[in-house]
Visitor: 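Before I ask anything, here is the structure I am working with.
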Amino acid sequence: MNPRPSMLHLNLFIMGCGHHRAAWRHPDSAVDRLGDIAYYEALARTAERGKLDAVFFADGHAALDVNDGPRWFLEPLTAMAAMARATERIGLVSTVSSTFGTPFHVARQLASLDHISRGRMGWNVVTSMFDVEARNHGYEAMPPHDWRYQRAEEMVNAVQALWDSWDDDALVHDRQGDFVRPGSVRAVDHRGEHFRVDGPLTVPRPPQGHPVLFQAGASEQGRDLAARRAEAVYAVAYDLPAAQSYYSDIKRRVAAAGRTSPVPIMPGLVVYVGSTEAEARARQRALDELLPVASSLRQLGGFVGQDCSGWALDEPVPPLPPLSAFKGPQGRYGTILRIVETERPTVRQLLGRLAAGGGHCTMVGTPEQIADQMAHWWRNGGADGFNLMPPALPRDIDDFVDHVVPVLQQRGLFRRDYEGHTLRDHLGLARPPGRS
Ligand SMILES: Cc1cc2nc3c(=O)[nH]c(=O)nc-3n(C[C@H](O)[C@H](O)[C@H](O)COP(=O)(O)O)c2cc1C
């Protein structure tokens with residue numbers, strides 16, 4: 001078995017005004033500040049005050065449902081350059097698509113950011129999902145899944161080769177002689193199915209050797225890529241049994257790939273915290289009540305394959321047919337059945353659960369109750385940490401850092417201060433040796 005981290009890893013997943021789809025409608029929301037880099041810098045500083053491992057950006061390449069609120073605004077790598085300068089220790093992880101980028105661009109951007117941040121970058125490699133994204137990049141539709149995963153693996157190989165095209169000690173800065181040690185910067189001569197890259201890179205080897213590689217795939221191919229290559233994994237798990245099943249599967253695949261790296265696994269986590277449980281539930285309800293009813297019921301109708309427009313909002317969800325009888329996409333329907341079965345929600349509560357994090361885990365309660373549940377997942381093989389998905393930003397990350405983090409620290413479950421300076425240090429990952 002691979003080594004377990006000695007404490008939780010925590011990551012702030014930054015998304016617009018928060019992960020609740022209606023968060024931007026709240027009177028206190030930062031909806032008018034999404035183009036203001038100071039907003040993201042402040043979020044990163046808050047996460048750093050809480051000693052979190054990293055902040056994380058997802059990324060998409062299409063303006064989907066723009067009237068439903070903000071998803072994307074600033075391009076993530078550009079924003080991270082500024083956030084790197086506004087912080088000193090926290091890691092910075094960005095999603096970069098292997099379907100739309102080319103290795104030279106990706107290697108150069110991430111290497112530059114690793115230098116700018118002095119060793120705090122991570123790359124969440126995704127293969128992207130939607131045809132509307134593909135049509136912004138010269139494709140007719142999204143290329144097939146297998147093709148995308150083959151390209152992703154080749155992309156990782158070529159990018160890492162480019163990072164290794166400079167030896168760690170290449171720079172000699174001899175003002176009377178050489179700038180680099182002779183022979184220390186080499187071509188990579190990558191010739192693959194998808195890319196031809198001569199190299200070398202235009203940027204010296206990154207401070208971490210390689211920025212940390214994250215992956216979040218759920219399919220067979222996604223899990224295999226994670227097992228072979230990922231150094232840390234983001235996951236989706238609605239409850240502990242689902243988390244345990246994913247966790248043990250990935251750890252088994254990592255071991256089968258002959259790797260001994262810890263590969264921390266961090267499921268997404270939506271937290272509503274209050275000084276009492278009632279206050280936390282009121283907070284959740286206040287956001288749920290901001291959801292536009294007609295369009296949310298229409299969307300739910302699409303998920304469950306029936307007309308929900310007449311469903312009473314504050315009544316329990318009517319009985320739903322079993323998974324085997326459902327003809328549409330199984331994943332989300334399965335999650336809805338699970339939510340209905342375990343939580344017995346009203347229609348409004350179900351809409352709220354789906355509007356905040358979708359199939360990710362939700363915890364509601366006092367700081368102690370949240371810490372209890374996190375510890376329970378951690379002790380029972382469900383998670384090595386969590387990818388925090390605050391329903392509304394900045395308020396819910398402020399509350400988490402001020403009230404939940406101290407409880408985790410008192411219980412010895414989370415660091416009181418950073419021990420190292422790089423993202424690799426925070427995650428307990430070794431620095432890959434270069435070629436010299
Ligand atoms: C926390 C998290 C963040 C993700 N971020 C993105 C993203 O920004 N862009 C994207 O295209 N896919 C993103 N994904 C999707 C996955 O990387 C992956 O494409 C998806 O889970 C489907 O995987 P599969 O094709 O292996 O089933 C994310 C997944 C998770 C769990």
Side-chain angles (χ1 to χ4, degrees), residues 9-16 18-19 53-64 70-77 79-80 91-101 106 122-137 139 142-153 155-156 212-238 242-243 246-247 249-250 253 263-271 329-332 334-335 356-362 382-390:
H9 293 295
L10 294 178
N11 180 105
L12 166 61
F13 182 171
I14 299 177
M15 169 75 82
H19 286 266
D53 294 70
V55 293
F56 163 61
F57 277 128
D59 192 25
H61 289 242
L64 300 166
R71 284 179 206 227
W72 319 118
F73 205 119
L74 300 177
E75 188 283 315
L77 295 180
M80 279 193 163
L92 304 155
V93 184
S94 181
T95 296
V96 178
S97 169
S98 55
T99 302
F100 304 138
V106 173
W123 170 23
N124 179 40
V125 57
V126 302
T127 59
S128 298
M129 288 181 263
F130 302 115
D131 290 345
V132 284
E133 297 179 279
R135 286 198 288 269
N136 285 332
H137 288 281
Y139 300 98
M142 190 53 87
H145 194 260
D146 280 356
W147 184 94
R148 298 202 315 268
Y149 269 102
Q150 280 160 12
R151 180 178 162 114
E153 187 138 13
M155 166 83 90
V156 169
V212 179
L213 190 72
F214 285 72
Q215 225 272 318
S219 61
E220 278 296 306
Q221 292 95 325
R223 290 174 189 225
D224 275 343
L225 179 63
R228 277 197 303 277
R229 309 307 300 273
E231 300 182 278
V233 173
Y234 293 135
V236 190
Y238 161 66
Y246 183 83
Y247 185 99
D249 181 60
I250 295 288
R253 289 178 199 239
V263 194
I265 297 177
M266 289 167 262
L269 175 61
V270 179
V271 170
Q330 302 276 296
R332 192 180 313 253
T335 302
H360 290 272
C361 174
T362 299
D384 295 316
F386 295 92
N387 191 18
L388 302 173
M389 301 170 62

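When a ligand or atom number is given, it counts from 1 through the structure's own listing order.
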Visitor: Out of S219, A216, A152, G60, whose heavy atom sits nearest atom 18 (C) of ligand 1?
Guide: A216
Visitor: Specify the protein heavy atom at minimum distance from atom 25 (O) of ligand 1: its residue, its atom name, and the distance to 0.1 Å.
Guide: H145 NE2, 2.7 Å
Visitor: Check whether any heavy atom of Q221 sits under 4.0 Å from an atom of ligand 1.
Guide: no
Visitor: Around atom 4 (C) of ligand 1, find the nearest protein heavy atom and jot down its residue, atom name and distance.
Guide: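 Residue, atom and distance for the closest contact: N124 ND2, 4.2 Å.
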Visitor: List the closest protein heavy-atom neighbour of atom 13 (C) of ligand 1: residue, atom name, distance to the nearest 0.1 Å.
Guide: V126 CG1, 3.7 Å
Visitor: Could you tell me the residue and atom name of the protein heavy atom closest to atom 12 (N) of ligand 1, and the distance to it rounded to 0.1 Å?
Guide: M129 CE, 3.3 Å
Visitor: Tell me which protein heavy atom sits closest to atom 31 (C) of ligand 1, plus the residue, atom name and distance to 0.1 Å.
Guide: V236 CG2, 3.5 Å
Visitor: Which of these, N387, D59, N11, V233, has its nearest heavy atom closest to atom 7 (C) of ligand 1?
Guide: D59
Visitor: Are the aromatic ring centres of H360 and Y238 under 6.0 angstrom apart?
Guide: no
Visitor: Counting the benzene-type ring for Trp, do Y234 and F56 have ring centres under 6.0 Å apart?
Guide: yes
Visitor: Return the set of residues passing side chain to side chain donor-acceptor pair (under 3.5 Å) with T99 (not counting sequence neighbours), or none when no residue passes.
Guide: none
Visitor: What is the nearest protein non-hydrogen atom to atom 22 (C) of ligand 1, stated with its residue, atom name and distance?
Guide: A218 N, 4.4 Å
